[in-house]
Each structure stands twice: as C-alpha cells, then as structure tokens.
Asker: 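The structure follows.
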Amino acid sequence: MKIVVIGSGTAGSNFALFMRKLDRKAEIVVIGKEGTMQYSPCALPHVISGTIEKPEDVIVFPNEFYEKQKIKLMLNTEAKAIDRDRKVVITDKGEVPYDKLVLALGSKAFIPPIKGVQNEGVFTLKSLDDVRRIKAYIAERKPKRAVVIGAGLIGLEGAEAFAKLGMEVLVVELMDRLMPTMLDKDTAKLVQKEMEANGVSFRFGVGVSEIIGSPVEAVRIGEEKVPAELVLVATGVRANTDLAKEAGLEVNRGIVVNEHLQTSDPDIYAIGDCAEVIDAVTGERTLSQLGTSAVRMAKVAAEHIAGKDVSFRPVFNTAITELFGLEIGTFGITEERAKKEGIEVAVGKFKGSTKPEYYPGGKPITVKVLFRKSDRKLVGAQIVGGERVWGRIMTLSALAQKGATVEDIVYLETAYAPPISPTIDPISVAAEMALRKFR
C-alpha cells in the first residue's frame, strides 16, 4: 500500500510516524512545502523572547530521523493538484501516485485588509521563517514600541515576548476583551490585569485602520496615530482548503470529514488544522486548530487506515497557556457563547488559593465551570491562576469527555497535601456553586 501525506507539520509528521509503527511494509511519502518536518508553532513566541535560544531548537526530529524510519520525504515541494480519478498528486516536481491520501494541509495566518499591512516591520507569527524575520528585524532596528493586532493566544504570547525584550507593547482587539473565543469577560479581566502589571496595554472594541511607514513608524487607531516600530498581525488563522476544494471534496470552513477522518472521498483523509470536526457541546461542525488535536487526528487516521475500528471524538478544544507566570486553561463553551447558542447553563465560580489558607506560598486561583441545565453535564471551564492550572483543566476536560455531571464534580475524589493542594479542591467548590442553581 502506498500512502501519501500532503503536509509536513504536526499532523502530517505524526501521522507518518504512527503509520510506520502500524505498518512496517507500507510505502509512506510526505510532501511538504517547508524544508523541515514537524516543529512546534506554539514555541515560536518563546524563540522571540530568547527563552528558547534558536529557531531550529523547536524542530522535534531532524529529517534524517524520518528517513531512517523509511519514510520518503519530498520537502520544499508544493502539491499543485489531486487527480482523484487516477489517484495521483501532482506536484511541482512530478506526479506521486497513492492508494490512500492524507491531507494535513494546515492553516495560514489571516491578514485583514489594513492599509499598509504589507509594509516593512509588519509580521505574522506562524512559521520558522516568520520568527527568523522578526528576530533579524529586532536585531537590526531595535524597536522600542510594538503594536499587536489581535488578543488571541498568539497575539498575547507575542505581546509577552516583546515586553520581555523591553518594548512598550499595545494590544488592539476588535472584541471587548482578550481571548474572546476562550474566556468570558470576568476571567479575561484577570489575565488583562496581570499583563498590564507587566507593561502590556490594551485597546478593546477598536481596530487598526492603517499602518504608517515602511519601516513602520506608527499605526492609526480610529483618528489617533500611535507610534510603533514593529507590528504583529495576530488576527487568527484560516484552514488551507484550496487543494481539497479544487479536487471536488466537500469543504466548509475546513475540509469536511466523518468520524474516521475520511473526506467525501473515502480514500482521502484530512487531519489537523484543515479538518472540520464535531463540537462536543453543540454537535455542530467546527475547527480544532490545536497541536494536541492534530496529534490525536493523526493517530486515529493511521489506525483507521491500518484496519482498526476507531473514531475521532467530538472536541472540547482544551487549551492552556502561561503569560508572565499566570496560567490560563479553558475548554468547551463560554457563558457568552452559550447564550448565543441558546444553551441554558448553570455557572459556578470560586476564587481561592492553590494551597490551604494556613500554608505559606499559596497562589490565587479562579475556577469557573459551566453545566448544561438540560442534562446537568459539564460543558465548559475557565481557570486562571498562579500554578497547577494545567492539571485542573485537564482533569475537568477528561471528566467532560466522559459525560460528567455537576454532582460528579462536587463529589469528586481529589488528593490533599498542605504543600500542594487544599482538602476540597477549587474545582469541586466551583461545582458546588453551580449545583445550588439547580435546586
């Protein structure tokens, strides 16, 4: 069997490795535009700040590692078209036949139509080349002021990196809060306060209408001209779907797949940022553009091709980040989105400490949990705190994936030791607050 993968990023690289473990004889070919296999896009802001020394340090495995696994690499190669009748991929270096084709096409940074957005000193943060360009620009021009357009994860992590390099940083966001798709206004305020304490300022409910100068000298926000020598455009990403659309596959915001990650052509799979899967809360189609989702999709697709009866589960889009030492974890639906979707929820919120009150060194933690009133199930959570947020958000996410109810969280068995955690964990206390609203 000949299996061809288009895309050498997280989804494509992991698929090739999973597939090789499952089938030692299959011919596996990876076609990728870039010159390297998988690296970690989430690590890129930390390369800018200098926490990670070199861009190359975020490459997971060298190309030789894949070649030793007898995975054929066609890097620096562009897939131009898919001929489904002949079952070949047409590239700029010739045709590649396949029995099974896996589309791991990824996503691209969305560039809004802002005047001057192509000027020197304006960057996106999506690839190794982006990081190399940003680092070279900073080294040459030594900017003192940066403007970040967009307050999602990448925008905030980029803002943190610039602030750590000593720049004045302004984040401009069209919505009324930071991380608007992941946090409600109350939890977002906690993150905003911490970032402002570390020198990052914000403008909400407005947009950048013009970028002035090349190299950049200023941006225009409404009628105001704000000085800036560097601009980061972090206004989200869009799934790469053109190749699939031109091949006649079903496409919406992403490439439509079934529970096995097969497209409308059963011999073609789609995984990672480009695939449109199912939202665990609403049951509607959604994108899950997270590294963890990409790896899980890669595993499911490889196992299904190998003959296993496996399915990719609906997603809660569990995510976590750390900004200036503050951990932020989130999954599922927000309170605001629940209202828009017409989903009635009971919300529980608790602000406490990561350790018992009598034990020194505890850090503030705020837990917000959302339960669907119709079936009492956990459908979302937001946690902001000084430590151990990651463990709590993953615990809640795992419970939600198993259909846990409000009572399950209230009476959850947890661990206690004074240097680590209180006798009643904050997640259970928050659930107790929500339970009262069911009575």
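Positions are given from 1, in the same order as the sequence printed here.
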Asker: More than 12 non-hydrogen atoms from neighbouring residues, nucleotides or ligands closer than 6.0 Å to NZ on Lys2, yes or no?
Answerer: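 Enclosed: over 12 neighbouring heavy atoms sit under 6.0 Å from NZ of Lys2.
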Asker: For Ile52 versus Asp57, what's the shortest heavy-atom pair and its separation?
Answerer: CG2-CB, 3.7 Å
Asker: For Glu344, is the CD atom crowded, meaning more than 12 foreign heavy atoms sit under 6.0 Å from it?
Answerer: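 It does not: Glu344 CD has 12 such atoms or fewer within range.
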Asker: Quick one: are Thr405 and Phe371 in side-chain contact, heavy atoms under 4.5 Å?
Answerer: no
Asker: For the pair Glu335 and Lys340, find out whether any cationic side-chain nitrogen is under 4.0 Å from an anionic carboxylate oxygen.
Answerer: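 Salt bridge: no.
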Asker: Just wondering, more than 12 heavy atoms not from Lys135 lying within 6.0 Å of its NZ?
Answerer: yes
Asker: Determine whether the side chains of Asp130 and Thr124 contain a donor N or O and an acceptor N or O closer than 3.5 Å.
Answerer: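 A donor-acceptor contact under 3.5 Å links the two side chains.
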Asker: Going from OG1 on Thr91 to CD on Glu78, what distance comes out if it is rounded to the nearest 0.5 angstrom?
Answerer: 9.0 Å
Asker: Would the number of heavy atoms belonging to other residues, nucleotides or ligands and lying under 6.0 Å from NZ of Lys437 be above 12?
Answerer: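 Counting neighbours around NZ of Lys437, more than 12 heavy atoms of other residues, nucleotides or ligands fall under 6.0 Å, so yes.
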Asker: Just checking Ile221: does its CD1 atom have more than 12 heavy atoms from other residues, nucleotides or ligands closer to it than 6.0 angstrom?
Answerer: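 More than 12 within 6.0 Å, yes.
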Asker: Would one find more than 12 heavy atoms of other residues, nucleotides or ligands at under 6.0 Å from atom NZ of Lys126?
Answerer: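 It does: Lys126 NZ has more than 12 such atoms within range.
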Asker: When you measure from the side chain of Ser293 to the backbone of Gln289, do you find a donor-acceptor pair of N or O atoms at a distance under 3.5 Å?
Answerer: no
Asker: Within a 6.0 Å radius of atom CZ on Phe110, are there more than 12 heavy atoms belonging to other residues, nucleotides or ligands?
Answerer: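 Yes, because the 6.0 Å sphere around CZ of Phe110 holds more than 12 heavy atoms from other groups.
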Asker: Ignoring hydrogens and geometry, is there a side-chain-to-backbone donor-acceptor pair from Glu168 to Ala146 under 3.5 Å?
Answerer: no
Asker: Quick one: does Val60's side chain get under 4.5 Å of Ser13's, heavy atoms only?
Answerer: no
Asker: Salt bridge or not between Glu56 and Arg132? Use side-chain N to carboxylate O under 4.0 Å.
Answerer: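 Counted as a salt bridge, because a side-chain N and a carboxylate O are separated by less than 4.0 Å.
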Asker: Could you please spell out the steps behind the side-chain hydrogen bond (donor to acceptor under 3.5 Å, both in side chains) verdict for Gln382 and Thr187?
Answerer: CA-CA 7 Å; Gln382 300 159 45; Thr187 47; 2.5 Å; yes
Asker: Roughly how far apart are Lys185 NZ and Arg177 CZ, rounded to 0.5 Å?
Answerer: 8.0 Å
Asker: Excluding sequence neighbours, so at least two apart, what forms salt bridge (Lys or Arg N to Asp or Glu O under 4.0 Å) with Arg372?
Answerer: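 Here the qualifying residues are Asp375.
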Asker: Is it the case that Gln401 and Ser397 place a side-chain donor and acceptor less than 3.5 Å from each other?
Answerer: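 Side-chain D/A pair, Gln401 to Ser397: present.
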Asker: Looking at Ser421, is its backbone amide N or carbonyl O close enough to the side chain of Asp425 to form a donor-acceptor pair, meaning the two atoms are under 3.5 Å apart?
Answerer: no
Asker: For the backbone of Val169 and the side chain of Ser201, can you confirm whether one donor and one acceptor N or O come within less than 3.5 Å of each other?
Answerer: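 Yes, because the side chain of Ser201 sits within donor-acceptor range (under 3.5 Å) of the backbone of Val169.
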Asker: Check this for me, if you would: do Arg337 and Glu341 make a salt bridge, where the nitrogen-to-carboxylate-oxygen distance has to be below 4.0 angstrom?
Answerer: yes
Asker: Under 3.5 Å, is there a donor-acceptor pair between the side chain of Arg20 and the main chain of Asp23?
Answerer: yes
Asker: Apply the test side chain to side chain contact (heavy atoms under 4.5 Å, CB included) to residues Val277 and Phe312: give CA-CA distance (whole Å), side-chain angles for both, the deciding distance (0.1 Å), then the verdict.
Answerer: CA-CA 8 Å; Val277 291; Phe312 184 75; 3.9 Å; yes
Asker: Spell out, as yes or no, whether a donor-acceptor pair under 3.5 Å connects the side chain of Ser311 to the backbone of Arg313.
Answerer: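 The answer is no, because no donor-acceptor pair under 3.5 Å joins these two groups.
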Asker: On a heavy-atom basis, which atom in Ala16 and which in Ile28 lie closest, and how many Å separate them?
Answerer: O-CD1, 3.9 Å
Asker: Would you mind checking if Lys87 and Asp267 are paired as a salt bridge, meaning a charged N to carboxylate O distance below 4.0 Å?
Answerer: yes
Asker: Quick one about Tyr269 and His260 (side-chain donor to acceptor, distance below 3.5 Å, no hydrogens or angles considered), yes or no?
Answerer: no
Asker: Looking at CD of Glu336 and OG1 of Thr181, how far apart are the two atoms once the value is rounded to the nearest 0.5 Å?
Answerer: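 Here the rounded value is 10.5 Å.
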Asker: Could you tell me whether the side chain of Leu165 reaches within less than 4.5 Å of the side chain of Ile48, counting heavy atoms only?
Answerer: yes
Asker: Measure from the side-chain N and O atoms of Ser264 to the backbone N and O of Glu250, and report whether any donor-acceptor pair falls under 3.5 Å.
Answerer: yes
Asker: Begin from the C-alpha positions of Thr292 and Thr318 and carry the test side chain to side chain contact (heavy atoms under 4.5 Å, CB included) through to its verdict.
Answerer: CA-CA 9 Å; Thr292 48; Thr318 308; over 6 Å; no
Asker: Could you walk me through whether Met1 and Ile3 pass the side chain to side chain contact (heavy atoms under 4.5 Å, CB included) check?
Answerer: CA-CA 6 Å; Met1 179 163 58; Ile3 303 164; 3.9 Å; yes
Asker: So that I can tick it off, tell me whether Lys349 and Asp186 are bridged by a salt bridge, with the cut-off set at under 4.0 angstrom between side-chain N and carboxylate O.
Answerer: yes
Asker: Does a side-chain N-to-carboxylate-O contact under 4.0 Å join Glu27 and Lys72?
Answerer: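 No salt bridge links Glu27 with Lys72.
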Asker: Taking all atoms of both residues into account, what is the closest heavy-atom pair of Cys274 and Gly106, and its distance?
Answerer: CB-O, 3.6 Å
Asker: Scan side-chain atoms only and decide if Gln38 and Asn14 contain a donor-acceptor pair under the 3.5 Å cut-off.
Answerer: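 A pair is found: one side chain offers a donor N or O, the other an acceptor, under 3.5 Å apart.
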Asker: Do Glu173 and Arg203 pass the salt bridge (Lys or Arg N to Asp or Glu O under 4.0 Å) test, and can you show the C-alpha distance, the side-chain angles, and the key distance before you say yes or no?
Answerer: CA-CA 6 Å; Glu173 168 60 51; Arg203 298 280 185 86; over 6 Å; no
Asker: With heavy-atom distances below 4.5 Å as the criterion, would you say the side chains of Glu194 and Asn198 are in contact?
Answerer: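 They are in side-chain contact.
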Asker: So do Leu156 and Met195 actually touch side chain to side chain, heavy atoms under 4.5 Å?
Answerer: yes
Asker: Locate the shortest heavy-atom distance separating Arg253 from Glu276; write the atom from each residue and the value.
Answerer: N-OE2, 3.0 Å
Asker: Would you please name every residue forming a side chain to side chain contact (heavy atoms under 4.5 Å, CB included) with Arg84, sequence neighbours left out?
Answerer: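 Partners of Arg84 by the side chain to side chain contact (heavy atoms under 4.5 Å, CB included) criterion, ordered by chain and then number, come out as Ile82, Tyr98, Ala247, Leu249, Asp265, Ile268.
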Asker: Have a look at Ser288 and tell me which of Asp273, Asn317, Asp279 forms a side-chain hydrogen bond (donor to acceptor under 3.5 Å, both in side chains) with it.
Answerer: Asn317
Asker: Kindly compute the distance separating CD1 (Ile383) from CZ (Phe350), expressed to the nearest 0.5 Å.
Answerer: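 So the gap between those two atoms works out to 12.5 Å.
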Asker: With no hydrogens and no angle check, do the side chains of Glu387 and Thr354 hold a donor and an acceptor under 3.5 Å apart?
Answerer: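 Yes, side-chain donor-acceptor contact under 3.5 Å.
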Asker: I need the Met37 CE to Phe61 CZ distance, nearest 0.5 Å.
Answerer: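 Those atoms lie 10.5 Å apart.
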Asker: Which value, rounded to the nearest 0.5 Å, describes the distance between Ile59 atom CD1 and Glu34 atom CD?
Answerer: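 That separation rounds to 9.5 Å.
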Asker: Apply side chain to side chain contact (heavy atoms under 4.5 Å, CB included) to Ile409 and Val369, showing your working.
Answerer: CA-CA 10 Å; Ile409 313 301; Val369 287; 5.7 Å; no
Asker: Who passes side chain to side chain contact (heavy atoms under 4.5 Å, CB included) against Thr321, sequence neighbours left out?
Answerer: Leu153, Glu157, Leu323, Ile328
Asker: Against the six-membered ring of Phe123, is Arg133 placed for a cation-pi contact (under 6.0 Å from the centre, within 45° of the normal)?
Answerer: no
Asker: Checking Thr51 side chain against Ser49 main chain: does a donor-acceptor pair fall under 3.5 Å?
Answerer: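 No: the side chain of Thr51 does not pair with the backbone of Ser49.
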Asker: At their closest point, which heavy atom of Thr10 faces which heavy atom of Tyr39, and how far apart are they?
Answerer: OG1-O, 3.9 Å
Asker: In plain terms, say whether Lys368 and Asp184 are close enough for a salt bridge, that is, a side-chain N and a carboxylate O under 4.0 Å apart.
Answerer: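 Yes, Lys368 and Asp184 are salt-bridged.
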Asker: Which pair of non-hydrogen atoms, one from Gly158 and one from Pro45, has the smallest distance, and what is that distance?
Answerer: N-CB, 4.3 Å
